[in-house]
Amino acid sequence: MPLYQHFKAIAYKESKEILAAKDSACSLAAGLATNVVVHPVFLIKTRLQLQRGQAGYRGILHAVTTIAGEEGLQGFYRGFVPSLMLSSHGAILLVAYDRFKNKFDSVLLASGSAKVFATVATYPLQVIRSVMQQRPTGGTFEYSNIFRTGQLLWQRNGVTAFYRGILPQMMRTVPQSMAFFSIYEYALTALRFLGTKS
């Protein structure tokens, strides 16, 4: 959020006219800058979660030095393109929430439905990213880019390959989203109420 605000300050320096295109560009720039910094952290987390047996990483520091030694800098950025594309999840969530809010009187129902919709729409990118972030073993790494990874997943398991693990993901994130939007709507109502009192 601070990066987004910073980029908006730069974008609106000359003209104060609010434009959706400027806001979108600022949001994407903030997402890109954030991803450059945090992607290696999530790659290490994913690898630590996926490792099996004795040949795994002994900890975070060992993972960092091993990845740097075996794969170089590019090793820390495996799955970076799908990660960038996942920046769209927030935009889809907000638009979906707006639409569902018009259909349902309940904030909980609208926010839960929006989160389910956004997750179903973007979850395949999360799977592709996770697969690409695996530790390469031996010869060539077959999950070299987003298109090849998607192709291999499709060939091996069809559409179900792109939705493995979605239920636990939703069990964790749908309630979070419902709580977030409920608090947001409550705060907005409180601010409006306070505004009418003054």
Side-chain angles (χ1 to χ4, degrees), residues 1-8 11 19-47 49-50 76-104 106-134 143 145-154 157-185 187-188:
M1 204 59 175
L3 273 176
Y4 173 63
Q5 295 299 332
H6 175 72
F7 288 132
K8 276 181 62 174
L19 298 171
K22 277 187 182 182
D23 288 349
S24 297
C26 292
S27 175
L28 288 172
L32 172 65
T34 302
N35 263 309
V36 167
V37 175
V38 300
H39 186 80
V41 174
F42 284 104
L43 176 124
I44 292 166
K45 177 188 81 96
T46 300
R47 292 218 181 154
Q49 289 173 329
L50 291 176
F76 292 102
Y77 288 94
R78 288 192 188 280
F80 187 66
V81 171
S83 193
L84 287 178
M85 294 170 73
L86 278 167
S87 298
S88 65
H89 180 86
I92 292 169
L93 176 62
L94 292 175
V95 171
Y97 176 68
D98 238 8
R99 298 292 183 258
F100 283 117
K101 197 166 69 166
N102 291 332
K103 291 189 182 298
F104 304 121
S106 165
V107 171
L108 291 176
L109 190 55
S111 58
S113 300
K115 185 62 176 182
V116 168
F117 178 81
T119 301
V120 169
T122 60
Y123 196 75
L125 289 169
Q126 290 185 23
V127 171
I128 289 170
R129 177 185 63 189
S130 294
V131 169
M132 290 177 71
Q133 288 179 335
Q134 293 180 74
Y143 304 113
N145 65 56
I146 188 172
F147 302 110
R148 180 73 179 138
T149 303
Q151 180 184 37
L152 289 170
L153 287 171
W154 181 263
N157 293 307
V159 72
T160 58
F162 296 97
Y163 289 96
R164 284 203 175 126
I166 195 169
L167 187 59
Q169 170 80 0
M170 285 197 196
M171 289 172 63
R172 182 178 62 83
T173 60
V174 171
Q176 288 174 347
S177 183
M178 293 166 75
F180 171 80
F181 281 107
S182 295
I183 292 167
Y184 168 78
E185 292 292 350
L188 202 58

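When a residue number appears, it is its place in the shown sequence, counting from 1.
- Although no hydrogens or angles enter the test, the distance criterion places a donor-acceptor pair under 3.5 Å between the side chain of T173 and the main chain of Q169.
- Y77 places a side-chain N or O within 3.5 Å of a backbone atom of V36 that can act as its donor or acceptor partner.
- Ring geometry for F80 against H39 counts as perpendicular: the plane angle is over 60°, on a 0 to 90° scale with 30° as the lower cut.
- Between I146 and P82, the shortest heavy-atom distance links the atoms CD1-CG, 4.0 Å.
- Rounding to the nearest 0.5 Å places CZ of R148 at 10.5 Å from CG of L153.
- A distance of 10.0 Å separates CZ in F42 from CD in Q49, rounded to the nearest 0.5 Å.
- Nearest heavy atom pair, residue S111 against residue S177, reads O-OG, 3.9 Å.
- Across every non-hydrogen atom of Y163 and P124, the tightest pair is OH-CG, 3.4 Å.
- Using modelled atom types, no side-chain atom of Y143 and backbone atom of S130 make a donor-acceptor pair closer than 3.5 Å.
- Of the inter-residue distances, the one linking F162 atom CZ with N157 atom CG reads 9.5 Å to the nearest 0.5 angstrom.
- Put simply, NZ on K101 and CG on L109 are 14.0 Å apart, with the number rounded to the nearest 0.5 Å.
- Closest non-hydrogen pair, V127 versus R164, comes out as CG2-O, 4.1 Å.
- Applying the side-chain hydrogen bond (donor to acceptor under 3.5 Å, both in side chains) test to T122 and every residue at least two apart in sequence or in another chain returns H89.
- Closest approach of L43 to R78, counting heavy atoms only: CD1-O, 3.7 Å.
- Counting all heavy atoms, side chain and backbone alike, R129 lies closest to G79 at CG-O, 3.5 Å.
- Annotation: M85, atom CE; neighbour count of heavy atoms from other residues, nucleotides and ligands within 6.0 Å does not exceed 12.
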Next item on the list: Run the numbers on F76 and V41 for side chain to side chain contact (heavy atoms under 4.5 Å, CB included), then give the verdict.
Entry: CA-CA 8 Å; F76 292 102; V41 174; over 6 Å; no
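- Rounding to the nearest 0.5 Å places CE of M178 at 7.0 Å from OG of S106.
- Contact annotation: the side chain of I166 approaches that of T119 to within less than 4.5 Å [non-hydrogen atoms, C-beta and beyond].
- Of the residues listed (F180, F117, F181), the one engaging L93 in a side-chain contact (heavy atoms from CB on, under 4.5 Å) is F181, and it is the only one.
- Atoms OH and CD1, from Y123 and I128 in turn, are 12.0 Å apart once rounded to the nearest 0.5 Å.
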